[in-house]
Amino acid sequence: MDSEFSNILNKSELTKENLIKLIEANEGESEMLFEKAKEVRDLNTGKKVHLRGLIEFSNICSKNCYYCGIRCGNKNVKRYEATEDEIAEAARYAHDSGLGSVALQSGERSDKDFVKKVDRIIRRIKQQSNGELGITLSAGEQSEDIYRMWFESGAHRYLLRIEVSDPGLYKKLHPGDKRHDFNRRMESLLLLRKTGYQTGSGVLAGLPFQTTSHLAADLLFLKKADVDMVGMGPYIEHPETPLYSYKNTLLTREERLHLVLKMVAALRLLMNNINIAATTAMQTLDPRGVEKALKAGANIVMPNITPAKYKENYFLYEGKSGTSQNRDEAKRKAVERILAAGYEPGYGEWGDSRKFLNREQK
Ligand code: 5AD
Ligand code: SF4
């Protein structure tokens, strides 16, 4: 049995069938998988782990995804929008403390006020850091013009998770209106790439109705989409969402973390030089979640430096890790986890994915 599993680990092309086996690996097998993924990661992305200061600058969202705590239909959320000064100050902190880049994240909105504000913020951050601070945006689906405007103003990376790559499953997890159209999301990913961004995507693992075959297809989707970076996370239930009623059908929290770690490792075998984040949701399920992800093939950590007064309102799912931490603590913990996993923090560097850099050189 073991030798069949290790044969899969050494294959140069992973089929869907092989990927399912990796995703279904038991404890013993997954140790082999993690070790292999770590080896591939070290060889292709080096010994550093890069940091992104995560700024969740607004929890106002026009969408209503069935899994998400800040969906517009949740009237119990205290909505906020950080001011431009607050966001600029958080970015200054990131720059001064050597985080190298920031990830600006918010709910999805396309109204003029929002679009212009984001644009001003990007310019301001670029200006105040003499162009030194990297900027990743994550503000959902937008038109080509908006993507281009933000790119020209200085955002160079964009993260848009596909969430699930199977259109049928996508339908089950989102309302059936135009705002939540799978094809539009796919097109947005293509637009980002076309605009010139380093493009990231990702999926949720451990959702109701989701099978290991769906998950294997997700990995092949990310490969086919040729993304430069990936942020994946375990699904974690939120009581004020429609999906909460399926909570008894879920894997345990421990099993869900194990599942997502196997997804990270399998993805690393499939895409050896992309950036893969060790995410907050992993940390939420396990006090060593980030460290474990780094040891299973991830190479990016995102300490949350959102202004303290807003932090607890970006409540995507139950028990979200780090909401009571201040930014110094968040940064310190991130560094501790990197060191615990045997890596070095890449202070002051953008940490672009090698895959993107190789593409640029061609
Ligand atoms: N559990 C885990 N992740 C979630 N997200 C939204 N809701 C949940 C949840 N219940 C993730 C989505 C989205 C990101 C902002 O948060 O993947 O892209
Ligand atoms: Fe809005 Fe994103 Fe949550 Fe969907 S997952 S409701 S788009 S914040």
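Just follow the structure's listing: the first ligand is 1, and inside any ligand the first atom is 1. Atom set for the values below is all heavy atoms of this structure, side chains included, hydrogens, waters and symmetry mates excluded.
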Practice problem: Just do the side chain to side chain contact (heavy atoms under 4.5 Å, CB included) check on R268 and I276 with the steps written out, would you? | Solution: CA-CA 8 Å; R268 178 56 74 193; I276 304 180; 3.7 Å; yes

Of the protein's non-hydrogen atoms, which lies at the shortest distance from [atom], and what is that distance?
{"atom": "atom 11 (C) of ligand 1", "answer": "R161 NH1, 3.6 Å"}
{"atom": "atom 4 (Fe) of ligand 2", "answer": "C65 SG, 2.3 Å"}
{"atom": "atom 15 (C) of ligand 1", "answer": "Q105 OE1, 4.0 Å"}

Report the relative orientation of the aromatic rings in [X] and [Y]; use parallel for angles under 30°, tilted for 30 to 60°, perpendicular for over 60°.
{"X": "Y158", "Y": "W150", "value": "parallel"}
{"X": "Y310", "Y": "Y80", "value": "parallel"}
{"X": "F114", "Y": "F57", "value": "parallel"}

Quiz item: Can you tell me if CD on E255 sees more than 12 non-hydrogen neighbours from other groups inside 6.0 Å?
Solution: yes

Quiz item: Can you tell me if CD on Q127 sees more than 12 non-hydrogen neighbours from other groups inside 6.0 Å?
Solution: no

Self-check item: F209 ring center within less than 6.0 Å of H214 ring center
Solution: no

Quiz item: Looking at the rings of H238 and Y67, which for Trp means the six-membered one, are their centres under 6.0 Å apart?
Solution: no

Indicate yes or no: does an N/O atom of [X] lie under 3.5 Å from an N/O atom of ligand 1?
{"X": "Y235", "result": "no"}
{"X": "E237", "result": "no"}
{"X": "I236", "result": "yes"}

Self-check item: Atoms of ligand 1, numbered as shown, that sit under 4.0 Å from any heavy atom of Y317
Solution: 1 (N), 2 (C), 3 (N), 4 (C), 8 (C), 9 (C), 10 (N)

Practice problem: Report yes if the side chains of P345 and K48 come closer than 4.5 Å at any heavy-atom pair, otherwise no. | Solution: no

Self-check item: Flag: protein heavy atom within less than 4.0 Å of atom 2 (Fe) of ligand 2
Solution: no

Have a look at ligand 1 and work out which part of [X], if any, has a heavy atom under 4.0 Å from it: side chain, backbone, both or neither.
{"X": "E163", "result": "side chain"}
{"X": "S138", "result": "neither"}
{"X": "C68", "result": "both"}

Exercise. Say whether L191 and F356 are linked into one hydrophobic cluster, either directly or through other cluster members, by side-chain heavy-atom distances under 4.5 angstrom.
Key: no

Self-check item: Residue I70 vicinity, atoms of ligand 2 by number, heavy atom under 4.0 Å
Solution: 8 (S)

Practice problem: Return the option from S106, G233, C65, P234 holding the heavy atom at the smallest distance from atom 2 (C) of ligand 1. | Solution: P234

Quiz item: Looking only at non-hydrogen atoms, which of L243, L316, L204 approaches atom 3 (N) of ligand 1 most closely?
Solution: L204

Exercise. Taking both backbone and side-chain atoms into account, decide whether C61 has an N/O/S atom under 2.8 Å from atom 4 (Fe) of ligand 2.
Key: no

